[in-house]
Every structure is written in C-alpha cells, then in structure tokens.
Amino acid sequence: MSSPRFRIAPSPTGYFHVGGARTALFNWALARQLGGTFVLRIEDTDTDRNRPEWTQGIIDALAWIGISADDPHFEGPYLQSDYTQQHVAAVQQLVDAGKAYYCDMTAADIEARNKAEGSTGYAGWSRDRNLGPGPDRVVRFRVLAGTTIVRDQVRGDVEFDNALIEDFVLLRSNGAPVFLLANVVDDIHMRISHVLRAEEHLSNTPKQQMLWEALGTPSPVWAHVPLLVNEQRKKISKRRDKVALEQYRAEGYLANAMVNYLMTLGWTPKGPEVQPWPQIEGDFRLEDVHLSPAFFDLKKLAAFNGDYIRMLSAHEFLEACRPWLLGPDAGFPADRFDETKFLAMAPHIQPRCVTLADAPGVVDFLFLAEPIIDQDAWAKVFAAPDAVAVLREAIVAYDAMVEWNHEALKSTLEAIGATHDLKLGKTQAPVRAAVSGRSVGPPLFEALEVLGRDETLRRMRNAEAALA
RNA sequence: GCCCCCAUCGUCUAGUGGCCUAGGACACCACCCUUUCAAGGUGGCGGCACGGGUUCGAAUCCCGUUGGGGGUGCCA
C-alpha cells in the first residue's frame, strides 16, 4: 500500500485562518507520523475574491507554525486555476457517460416552476431533455437514487438519502467549474488518500463521494474534525472574529504556543497539555479526535503563550523579542537599547509577559534617557510619611557603596528601612518611583545593578530635587 | 422548511457499564511565598441538559425531548 497523501486546500481570499491552521496541523502531524505527504493546493478559482498575494501569505503562515515547504513531506503549492482543463474534461467525461447533463434553466426559471408546482429546489427537470452545450447552460450531476454512506474516520458512518440531494451544478453557464467538482478532480489527480477537513464540509461530502465514484475512483478516507467556534458558539469567521494567524504573530504570540494550543482544540495530548511538537506529532490519532465544536479561547491561548515565554532561554527570549524591542512601539529609541542589559534582566522579564509585545514595557525605563513619571503612582508613593527621607538617605548610602550589585543594594536599603521601622516593600517604593517613574516593575535591585551607579544616582537626585 | 452533526464545571477536556463522593487545565476567589507587579505553591468555587428505558449497577448503551451548530448557491 502506498503512503498516505493528505492535503489542505485554502483559498487565497484573506489572511490565513486559525481554523485552517488547526486543520493543517492535524494533516501535517499525520503526514509526518505516517511517512506520508502533505499537499498544499491553493483554490484560487473564485476570481472575484482571490488575490495572488495571499498565496505567499498562506505559505508564510504555514512556515511560521512549522509546516515548511522545505520539509520532504511537503508538496506544493499547486494552484487550482492551473487545472481548469482537467476539471472541464472531467465534466465532459461525466456528460459522455450520461452521469451529468446540460440544463438551461436559470435561477428565475427554477423559482417560477417551484412556485407553480408548490415545490422547492431543483427536481432534475432537464435530466432527460438531452440538451447539448450552449450559452447560458450549466451542467448538472445526475444524482442516482439510493443512499450514500460516508465512512468518516472521526464520526463513523453517516448516512444520506440521495433523494434529498438535488442534481447539483458542476459547470457554470460561463464555463467555469464549481468548487465541489474542482476539489474532487484535483484530489483524484493528486492521488489524495485522506481528506481531513472541518465539519462544515460534512454535509457536502456525499456529493463529493458520488463524484469520486462517478469518475471511477474509490473515494478517500474522510475525516471531519470539529469546528472552532466563538463565544456565541458560531464558527469563527473573518467577519466577526480575530482569526488571522498573522495577527497573532504580530501581537507577540509564539508559534510553538499557538501550535500547542491549536492542537488541544479537538484533540487532547496524553499527559500535560503543554507538550513539545514532536511528542504531539507522535501521539496524534484520528480516532481520538473529538466530535463537538471547540471554543477558541484567547485567555487559554494567552496562558499557553506565557508558559512558552517562560520556557525560553534568555538568548531565545531576546531574539524572539527583538522586533518589539527595536520597533516603533518599543517606547524607547532603538539606539539606546542594550542587549547585555536586557539579557541580564530577561529572567525577570519573562514571567511578566503574556506576549512578546509586553517585554519592552517591563524594562523601558532602563533604556530611556529619562524615566516617564506616572503622576498618580508618584504622588501616592511620596505621600507616605518617610518616603522622601528614605530617598535622601538612600542617595547618600548608595553613593558610598563599594560594590554595586543587587545584594548590596538590597541590604543597604533594608538597613535604611529598619531605622524608619519600614519593611522592604515600603522602603523600595520611593527608589523605584525615582528611578522608573512607576510603582510597579521588575525586581528593583536587579534593575539598579543593570542601570549602573551613575544613572541610578542621577535619577534619584533628580527626583529629590523635584520633591524639594 | 428539509438534511446532517453535536451535548461532562464559565471554557478546553479526562472518562468507553462498577476504580466517579466525576479527574486535570484555563479563568475566577482565598491563602502562602515575596522587593512592587508578576511567576510559583496550596486550597476553594464549579459540571454529567431533561425524560424514559436496558442492566444487579449508567456520565458511559438505546429511544425521545430540548438546546446548540453546520449544510442546503451557477461561494470556497
């Protein structure tokens, strides 16, 4: 038996959808695990909506989540529009075999006839009229009586009564094949063995299965995975929801976190849900895929992201954050950024970030020429009875310190606090406000060590002067 | 309307007839730790939609109801 061939068939009509990413990941895991192939086919036949530039966007998005076009399991991308001849030929084959026929009824004709007969839908009215090709004529598939059983690897056998499926259009009156047909013909030509896609396609699967059979090929293994839904329990869509993978990337989500989270939607890893991809790839089984829709929960995604950020080494964290650190929204000039200082602070920054975009804001005061004063925090801190006195004494003591390191900075301030009967929590507040302009931030003494004696004292003296 | 799918804490889920007084994770709350804020630790809150069966025994099997979703195009 030849190796399995999977595929995803996105249309280039916008940014790559997280739901599409999840489906791609499921296919990818199986293709790699089983030594099979993952085919990317761009379904670009809707000329009104598709835009060529989105194709590269899809490839980039896939690469981001680890589905690399350089991997030997990857094949494509193919463009559906390159195969129009084959689609048309397949339709002709069906017409020649009497499995499809021409019909000249327009939507208005159909509506009128239904109105007259009190019926709905299209009841195969042109089946036996033996119409040939001609302007404004479509080709419809002749749906045979009986039942069609879709053997789905996730849902089991699903039975459809053919009588309820009307003779659907294969070729539009303008000569263009419809999605259903093109999709099947391409799958056949690309020797796809497993069609794993979202559940929204389940209802149309009997039509596709009939097409596979009519075209003389046994249908593939079907597998319909549950939909991703929003808080309203409707499938997430571009219109209503934040679905662009690229957007999450731009907001500072880690690819590994996104991948891991996506894999928990519709499937459960063995053991802890935070799992490295190789483990997931090895454990993933179609039989274990769930049946009910999953809510795409931003809060849970954020939790995964925080976990993955904390797992990064300092250097990895720096590299991951670089675009935000040196970008226009960093909050400080790029030329004032100092890698060494950032690296030293990294272990203290990581647990304070949900996304990579949070990083600059945690340490911006280290790279700013002057701290930005949060007036409310400042007022509150220096309203405390001994705050100003502590600041003054700290300036003197810090100026006299021999070794400038966080242990010494801490014990020195602790000693000052003791003379005022203050705990360290209270004692550090004025120093933090003076140096960072805020009342919250990363551990103070570590930050002061990194900031350096001169700059620390300069800021403390400035604050003292401002308070005078 | 018709067809199809689905149904365990707010959410993601474990659970495949007795191990379930239903387990975990996120969120939330409390406490601990503590140098602020986080992170971390401990604990708490909270669920088998409903009604019938089947069975010695049902979250687990069957039927129905209800609820939710998807499909039903000369969109993909």
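What you are looking at is a predicted structure, and each value in this text was computed from that prediction instead of being measured. In what follows, chains are A, B, ... by sequence order, proteins preceding strands, each numbered from 1.
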What interatomic distance, in whole Å, is found between [atom1] of [M] and the corresponding atom of [N]?
N      : M      : atom1 : value
B/rG46 : B/rU34 : C1'   : 30 Å
B/rC62 : B/rC19 : C1'   : 25 Å
B/rC50 : B/rC28 : C1'   : 29 Å
B/rC45 : B/rG10 : P     : 14 Å
B/rC63 : B/rC5  : P     : 12 Å

Task: ring pair (Phe, Tyr, Trp, His ring centres under 6.0 Å) contacts in which one or both residues fall within residues 287-307 of chain A, not counting sequence neighbours - done: A/Tyr248-A/Phe296, A/Tyr261-A/Phe296, A/Tyr261-A/Phe304
Task: Contact residues, residues 200-215 of chain A to RNA chain B [heavy atom, < 4.0 Å] - done: A/Glu200, A/His201, A/Leu202, A/Ser203, A/Asn204
Open item on the list: For RNA chain B, which residues of residues 375-394 of chain A approach it to below 4.0 angstrom with any heavy atom?
Closed with: none
Could you pull out the protein-nucleic contacts involving nucleotides 9-13 of chain B (nitrogen or oxygen on both sides, under 3.5 Å)?
residue : atom : partner  : partner atom : Å
B/rC12  : OP1  : A/Arg233 : NH2          : 2.4
B/rC12  : OP1  : A/Phe295 : N            : 3.2
B/rC12  : O2'  : A/Thr264 : O            : 3.2
B/rU13  : OP1  : A/Gly266 : N            : 3.2
B/rU13  : OP1  : A/His290 : ND1          : 3.2
B/rU13  : O3'  : A/Thr268 : OG1          : 2.9
B/rU13  : O3'  : A/His290 : NE2          : 3.3

Open item on the list: Side-chain N or O of A/Lys299 versus OP1/OP2 of B/rC26: is the shortest distance under 4.0 Å?
Closed with: no
- [ ] Check side chain to side chain donor-acceptor pair (under 3.5 Å) between A/Gln428 and all other residues, then give those that pass, not counting sequence neighbours.
- [x] A/Arg432
[N] pairs with which nucleotide, Watson-Crick or G-U wobble, both distances below 3.5 Å?
N      : value
B/rC26 : B/rG10
B/rU65 : B/rA49
B/rC37 : none
B/rC20 : none

- [ ] State whether A/Phe168 and A/Lys207 meet the cation-pi test: NZ (Lys) or CZ (Arg) under 6.0 Å from the six-membered ring centroid, and within 45° of the perpendicular axis.
- [x] yes
- [ ] Hey, can you tell me if A/Tyr101 and A/Tyr122 have their rings parallel, tilted or perpendicular (30° and 60° cut-offs)?
- [x] parallel
Task: Side chain of A/Pro351 (C-beta onward), nearest among B/rG69, B/rA39, B/rC26 - done: B/rA39
Task: A/Val178 side chain, from C-beta outward: closest of B/rG40, B/rC6, B/rA76 - done: B/rA76
Between the protein and nucleotides 33-37 of chain B, list every N/O to N/O distance that falls short of 3.5 Å.
residue : atom : partner  : partner atom : Å
B/rU35  : O2   : A/Leu444 : N            : 3.2
B/rU35  : O4   : A/Glu446 : OE1          : 2.9
B/rU35  : O4   : A/Glu446 : OE2          : 3.2
B/rU36  : O4'  : A/Gln428 : NE2          : 3.1
B/rU36  : O2'  : A/Ser439 : O            : 3.1
B/rU36  : O2   : A/Gly441 : N            : 2.8
B/rU36  : O2   : A/Gly441 : O            : 3.1
B/rU36  : N3   : A/Arg432 : NH2          : 3.2
B/rU36  : N3   : A/Gly441 : O            : 2.4
B/rU36  : O4   : A/Arg352 : NH2          : 3.4
B/rU36  : O4   : A/Gly441 : O            : 3.4
B/rU36  : O4   : A/Pro443 : N            : 3.0
B/rC37  : O2   : A/Arg352 : NE           : 2.6
B/rC37  : N3   : A/Arg352 : NE           : 3.2
B/rC37  : N3   : A/Arg352 : NH2          : 2.4
B/rC37  : N4   : A/Arg352 : NH2          : 3.0

Task: Residues A/Glu111 and A/Lys115 bridged, charged N to O under 4.0 Å - done: no
Task: Electrostatic pair A/Asp186:A/Arg7 at N-O distance under 4.0 angstrom - done: no
